[in-house]
Every structure is written in structure tokens, then in C-alpha cells.
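Values below: every heavy atom of this structure, side chains too, minus hydrogens, waters and symmetry copies. Reminder, nothing fancy here: chain letters follow the sequence lines and each chain counts from 1. None of the values given here were measured: they were computed from a predicted structure.
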Amino acid sequence: MQPPLLNISNLTATYMEDGQHLVALENVNLQVQPGEFVCLIGPSGSGKSTLLDIVSGLFAEVEGTVEINGRALASAQRPGSTSYMRQRDLLMPWRTALENAALALEVHGHPRKESQRLAAARFAEFGLAGFEGKYPAQLSGGMRQRVAFLRTVLAERELLLLDEPFGALDALNRSNLQQWLVKLWEREQQGVVMVTHDVDEAVFLADRVIVLSARPGTVIHEERISLPRPRTRAMLTSDAFLAHRAVLLDALGLLEGDVA
Amino acid sequence: MNDRIARIIGPILLLLALLVGWEIAVRLTDTATWMLPAPSDVIRAFKDDWRLLLTHTRVTLSEVLIGFGIALAAGLITGIAIDSSRIIERALYPLLIASQTIPMVVLAPLFLIWFGYGLLPKVLVTALVAYFPLAVNTVDGLKSTDRELIRLMLAMGAKPGQIFRLAKVPSALPMIFGGARISVAFAVIGAVFGEYVGAKEGLGYLMDRSAAMFETPRVFACIFILAAMGVTLFALVSLLERIVLPWRRFTAGST
């Protein structure tokens, strides 16, 4: 049997704040299968972003193991083994859209010219045709986020880590990019771990939604989403969607104490 | 386009008007030439002494360029060193700032004692004056690199050298150019000051000698050359910045 793409066992992480040890994550167990789309939701401070930082190797765990593709990797070995996208697009203002999209390839050792050729080949598919030579300051927020997506996807890693990639966008842009991401992912079938605070977004995109508790963060609920693929906007009002949504809101404690 | 023409023509017209006013004022008041020469007297000095002026301009210009070159190299090296290590930063930064509190008036005569009347002491004064803005702006520029961008690159598995080359240097360049523009103007002042303290050639020396002989039109000719030198060097650095950093035109707050 194929090993899980990502296997996190008994993970505990702490950090220092104002001279105090705070437990960010406690005894977290999580598996992602190859090609699976997993969303992480939880209250702020539940350590969702810390979990992604740990998987990418930016932050070291105190206890537990992280296996990627069946190989246990220490935190110092993990950088470069996943592709990470953060809420801010983090495009380099001095690079054109094309040069920005090619960055991860360049970092991974591809020659500059070849990286840009590979990036250019996918501009149309990302709705960016004609904008190759534009600088980030000349692009809209939605466009910049697409360039950042292209950079993330082009890194050619089997596991994508997305930290609220739509968090900074307005509702319309957000909804467009969600649909676009779902189509892209259904073609690419890369493994995804995406952090979001939006329950609807999680249900619409994911195969499985994992709910983390407030600090110290630990897995309190796992919801397998039964909606078929390909996903469409019409499903947003289906009974199955609403049922999943209700279960997740309940797990987050958001259905208690409703004001009638 | 009209705006651009206005930007070039405006200062020229103003300068011409000032020169004409100056000419008229001197003639009407019948001021002695050794006291305040009219622009026409200065033009005559340019005509009569152009060979002399050219010789001394060459000397000053080479002091400025060599001094600025040394300051640029030293500023970049110390800036990078300070940014690369906290230990170096703690050791070097206070010294860097303290060095600026020693007045050049004190140092220049010492250089004269140590290095004589040649080119070297002038180049050193120039380099010292031009060094500080370059060093400080290099440090600040490198430190201004977006920390999240560095983390993103670390997550990609980027090596320290890649982060330096692909993220830090480009982040720092606008500030380094800002420092270079200030430095190049300082360098002209530094070179003239170095010559004033003791020299056998250069525009500062020529001004000093000409003033002593009441050759005031020639003093003014020197002043004009120095002003033109400063403005031209400043413009050249700005031009280079536009070529090297084309993206700056699209970001807010660019000059």
C-alpha cells in the first residue's frame, strides 16, 4: 500500500511569548493521502498556521514525527519538500509576473530561462495571459494571488500548503478564485492542506475537513465531505452541503448560545 | 510630455532671470568686479582661463570619482557585514556612527600631516564624507527585506546565498541608490574641502589662490563648475537608478 503523503503523529509544539512557554499544538495526529484536499479550520490561536509552518520546516516541533511520502524528516530537512503559499501574495515588486511565477523553480535549481519558459506555458491556464511582463504593482489583488498560486503549483511538489490563500480578497474575487482552484485541483490532483476560517469554503473545496480546538490546538473533529466531484456552485445550497456545514459549525461551538 | 518640458524649461528660465537680474544690479550699483563680478565678468573668466580651469577641474573630478568609488565599495562591504551577523553589527555599528561625530575640520589637517599634499589625503576626505550615507543605507536597505518573503523562500528550501541574491539585494537597491545620490553630492564638497586644507592643484586650491589675489570672477567660475559637477553626478546616479530599477516607476512613493 502507498504510504500517506503526509503523516503527522503525536505532534506537540510550544513557543515563547512574554517569557512564557505556550503550547500551540498538543498531540496532533493527521494524515493526508496522495491527491487529497484537506482543510483545517479552528478558532484563531488554534495553531493552524503553526501546523503548516512545522510541515514546511519553518518551525520545529517539540515532540512527534512528521513523515512526508513515508520518510520521517527532521524539521531542518523539510524545507523544499512542500510548496507553501501564505495569505499575503509575497510577490517580489522588482520581478515581473513571469519572473515571480518562476521563482520556486529557480530556487530549486532550474536555470532562469528554462524556469520562465515553464512558467510562461501556464499563464493562459491561470487567466494571466498577456500579463507576463507586468510588475505586481500593475496587477489587481486577484491577479497577484493567481501569480502566487502559479508560483506555488509550479514548484512541482506533491504537497501544497495553503494558509488562507483567499483571506485578503473581497467576496467576489474570493468566490471566483475558489471555483477556479477547485477546477485546477481536480485536474492536478496534488495533495493539499489548506488553512481557512471559512466553514463554507472548507466544505466546498475539501475532501476532508479537520477541526482544531482553541489553544492548545488538537484535532477535535474530522468530517469527510460527501459532495461529489466536480464541485459546482449549485452544491452550495444542497442538503448535503448544509448538513456538513451544521456539523462543522457545531464542532466549532458556533451553534451554541444562539440568540433567538 | 508638456509636464516634462516644463520641468526642464522652468529651472532654466529661472536661472536665466536670476543671472540677468544679477548683471543689471551689478551694473546699476557700479559694484567693483573684485567685490562682486557680474555674470559677464564670470563668462570672460571662463573664456580667458579655460585651460587653467579645465586642468584643475580634472584633478577635483578624479578625487571625487576615486573617493566615491572607495566609499561605495567600503559602504557596501560594511553594510553587508553588519547585516550578516549580529556580532559584527554590535561591534561595528556604534563605531560607524561615532566616526561621523569627528568633524572633518579636525581630520583633514591630520591627513595632510600623514599623507602630504598629493591626491591621497583629498581622496580619503572625499571617501570618508561619502561613506556614511552609503553604509547606513545599505544596512537599512538589507534589513528592510520583507521577513515573510524570507520565510517563504526558506520554506522553498532556498540557500542563504539565494535569499541574499534573490530577495535581499533587490530589496536594498532602492535605498542604496538613495544613499549614493546623497553621497555623490557630499563627495564634491569633501574633495573641495580637502583641497582647501592644503593642496597644489584642484578647484578648491584654485579658488583659494584666486580669492587671495582678488580674482573674484575666477572664484565664481570655480563655483559654477562645482555646482555643475554636483548636479551632473546626481543626475547620472538617478539615471542609472531608472535603468537598473525599472519597476520603481510603478510602486507608490517612488521619486
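Across all their heavy atoms, B/Thr251 and A/Pro93 have their closest contact at CG2-CB, 4.4 Å. The minimum heavy-atom distance linking A/Glu106 with B/Gln162 is given by the pair O-NE2, 3.8 Å. Of all heavy-atom pairs spanning A/His108 and B/Met156, the tightest one is NE2-O, 2.9 Å. A/Trp94 and B/Leu149 make their closest contact through CH2-CD2, 4.1 Å (heavy atoms, listed as atom of the first residue, atom of the second, distance).
Side-chain atoms of B/Met153 and A/Met92, non-hydrogen and from C-beta on, do get closer than 4.5 Å to each other. Taking 4.5 Å as the limit, some side-chain heavy atom of A/Arg88 sits within range of a side-chain heavy atom of B/Asp146. Under the 4.5 Å side-chain criterion, counting only non-hydrogen atoms from C-beta, A/Asp53 is in contact with B/Arg151.
Rounding to the nearest 0.5 angstrom, the gap separating the CZ atom in A/Arg95 from the CH2 atom in B/Trp247 is 12.5 Å. The OH atom of A/Tyr135 lies 12.5 Å from the CZ atom of B/Arg248; values are rounded to the nearest 0.5 Å. Rounding to the nearest 0.5 Å gives a distance of 5.5 Å between CG of A/Leu90 and CD of B/Glu148.
Proximity to chain B (any heavy atom under 4.5 Å) is shown, for A/Arg157, by neither the backbone nor the side chain. Contact annotation for B/Ile163: neither backbone nor side-chain heavy atoms come within less than 4.5 Å of a heavy atom of chain A. Looking at A/Ala155, neither its backbone nor its side chain comes within 4.5 Å of chain B, counting heavy atoms on both sides.
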